[in-house]
Novice: 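Okay, here's the structure, questions in a sec.
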Number of protein chains: 2
Amino acid sequence: MKLDLQDIEARFRRHDVRLTRQRAAIYAALVETTSHPSADDLYRIVTRQQPMMSRNTVYYTLSVLRNAGLVREVNVGHDMARYDGNVSMHHHLICLGCGQIMDVMDEELNRLHLSSGQARGFDVLGHRVEFHGYCVSCQQVHRNVSPRRR
Amino acid sequence: MKLDLQDIEARFRRHDVRLTRQRAAIYAALVETTSHPSADDLYRIVTRQQPMMSRNTVYYTLSVLRNAGLVREVNVGHDMARYDGNVSMHHHLICLGCGQIMDVMDEELNRLHLSSGQARGFDVLGHRVEFHGYCVSCQQVHRNVSPRRR
DNA sequence: TGCTATGTAGGAATCATTCCTGTCTAGCGA
DNA sequence: TCGCTAGACAGGAATGATTCCTACATAGCA
Ligand SMILES: [Mn+2]
Ligand SMILES: [Mn+2]
Ligand SMILES: [Zn+2]
Ligand SMILES: [Zn+2]
């Protein structure tokens, strides 16, 4: 989704996040893609516009945005953290070959819950569903290529 | 589950895993607990019996057992990897306060699938469901304690 | 416009995990 | 039973994503 500075400013204000050039660029890049980039992917993207930006600022900004609820972290095994600018409830479909992450929007999955017998007294706040497999272009080489670490 | 050396030997043979003192100890420790220990937890446990064992051997053995399908890796955010000696299909309930991981056995969850429209051509091989919340003993401090990184 | 709490850049530190290398040994065949 | 050899082990070094530290800069408010 394309966001202009107005939208970003409004969202940041609503979530009590101070607006800086760096943060706006990082957040915009994240919301405009559906590729669930890593911190380093984002660093590469935003330094095209702002070459002086520190990799550290990307990490710090992502933690600020995450705490504010504007961004989510998506973890795939022990690869580096991936980030998601879409904070509406949804799940993911992950390719074991190339690591791409696709969104899955499904109301049934969103409504999953645990019976009280299974919850063992936990106060359950949320859940996450991941589907694993091989994308179309990875299916041919499926057996030849060593899958990413899980 | 308690395993004797006979059982371990049989399983290793069936999965083409060479039997060593170190591997038997690591695998036994993992199957005998339901706590989903980290590599370092296992290192601490097995070095009580075999003080000369290298931390490296624990990592290497876990990767061998994982590739053989005798062990699974369970990842919680970016904390260190946790391991599961129970390879039957099941899911997990994770405490955001103390990090404990409990098993969830539920046939309905095991049968989840994606409609072909959602699968986008993926060859879907499996899925994983995690429930997140606070365990009984963490519920009191819920608001006071900063949750583990997710 | 000036103040101050916060953010940024850049470098150093961390630490779980992986890599390397020189012994050692499980498992097999003679 | 004995030796051979592919594969496993110990220990230390290296890696690399992430976090920590600190001096300088600036957003946002009075
Ligand atoms: Mn997503
Ligand atoms: Mn389990
Ligand atoms: Zn793929
Ligand atoms: Zn807990």
Novice: Are OP1 or OP2 of D:dT19 and a side-chain N or O of A:Y59 less than 4.0 angstrom apart?
Specialist: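 For D:dT19, OP1/OP2 do not have a side-chain N/O of A:Y59 under 4.0 Å.
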Novice: Starting at the 5' end of DNA chain C, which residue's closest nucleotide do you reach first, B:L19 or A:M53?
Specialist: A:M53
Novice: Report the distance from atom OH of B:Y60 to atom P of C:dT23, rounded to the nearest whole Å.
Specialist: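 Going from OH in B:Y60 over to P in C:dT23 covers 19 Å.
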Novice: To the nearest Å, how far apart are A:D40 CG and D:dT18 P?
Specialist: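 Atom-to-atom, A:D40 to D:dT18, this comes out as 8 Å.
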Novice: Can you check the B:H78 NE2 to D:dG16 P distance for me, whole Å?
Specialist: 16 Å
Novice: Under 4.0 Å between a side-chain N/O of A:R23 and OP1 or OP2 of C:dT8, yes or no?
Specialist: yes
Novice: Let me know the distance between CG of B:D16 and C1' of C:dC28, rounded to the nearest Å.
Specialist: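 Going from B:D16 (CG) to C:dC28 (C1'), I get 14 Å.
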Novice: Nearest to the side chain of B:N56, heavy atoms from C-beta on, is which of D:dA8, D:dG12, D:dA17?
Specialist: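 Closest of the options to the side chain of B:N56: D:dG12.
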Novice: Among C:dA9, D:dT18, D:dA6, which nucleotide sits nearest the side chain of B:R18?
Specialist: D:dA6
Novice: So how far is it from B:L30 CG to B:L70 CG, rounded to the nearest 0.5 Å?
Specialist: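 Reported to 0.5 Å precision, the distance equals 10.0 Å.
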Novice: Name the residue from B:Q49, B:Q50, B:R55 that meets the side-chain contact (heavy atoms from CB on, under 4.5 Å) definition with B:M53.
Specialist: B:Q50
Novice: Which whole-number value in Å describes the distance from B:Y83 OH to C:dA16 P?
Specialist: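 In whole Å, C:dA16 P lies 13 Å from B:Y83 OH.
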Novice: Round to the nearest Å and state the distance from A:I26 atom CD1 to C:dA9 atom C1'.
Specialist: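 Result: 12 Å.
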Novice: Is any NZ, NE, NH1 or NH2 atom of the basic residue among A:D7 and A:R11 found under 4.0 Å from an Asp or Glu carboxylate oxygen of the other?
Specialist: no
Novice: For C:dT8, does OP1 or OP2 lie under 4.0 Å from any side-chain N or O of A:T20?
Specialist: yes
Novice: Are any of the side-chain nitrogens in B:K2 or B:E32 under 4.0 Å away from the carboxylate oxygens of its partner?
Specialist: yes
Novice: Less than 4.0 angstrom from a charged side-chain N to a carboxylate O is my criterion; do A:R82 and A:E73 meet it?
Specialist: no
Novice: Could you tell me the separation between the CZ atom of A:R21 and the C1' atom of D:dA27, rounded to a whole number of Å?
Specialist: 12 Å
Novice: For D:dA17 and A:S38 - does any side-chain N or O of the residue sit under 4.0 Å from the phosphate oxygens OP1/OP2?
Specialist: no
Novice: Measure from CE on B:M52 to P on C:dT23 and round the result to the nearest Å.
Specialist: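 Computing the B:M52:CE to C:dT23:P distance gives 16 Å.
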Novice: Hey, does the side chain of A:Q22 come within less than 4.0 Å of C:dA9's phosphate (OP1/OP2), counting only N and O?
Specialist: yes
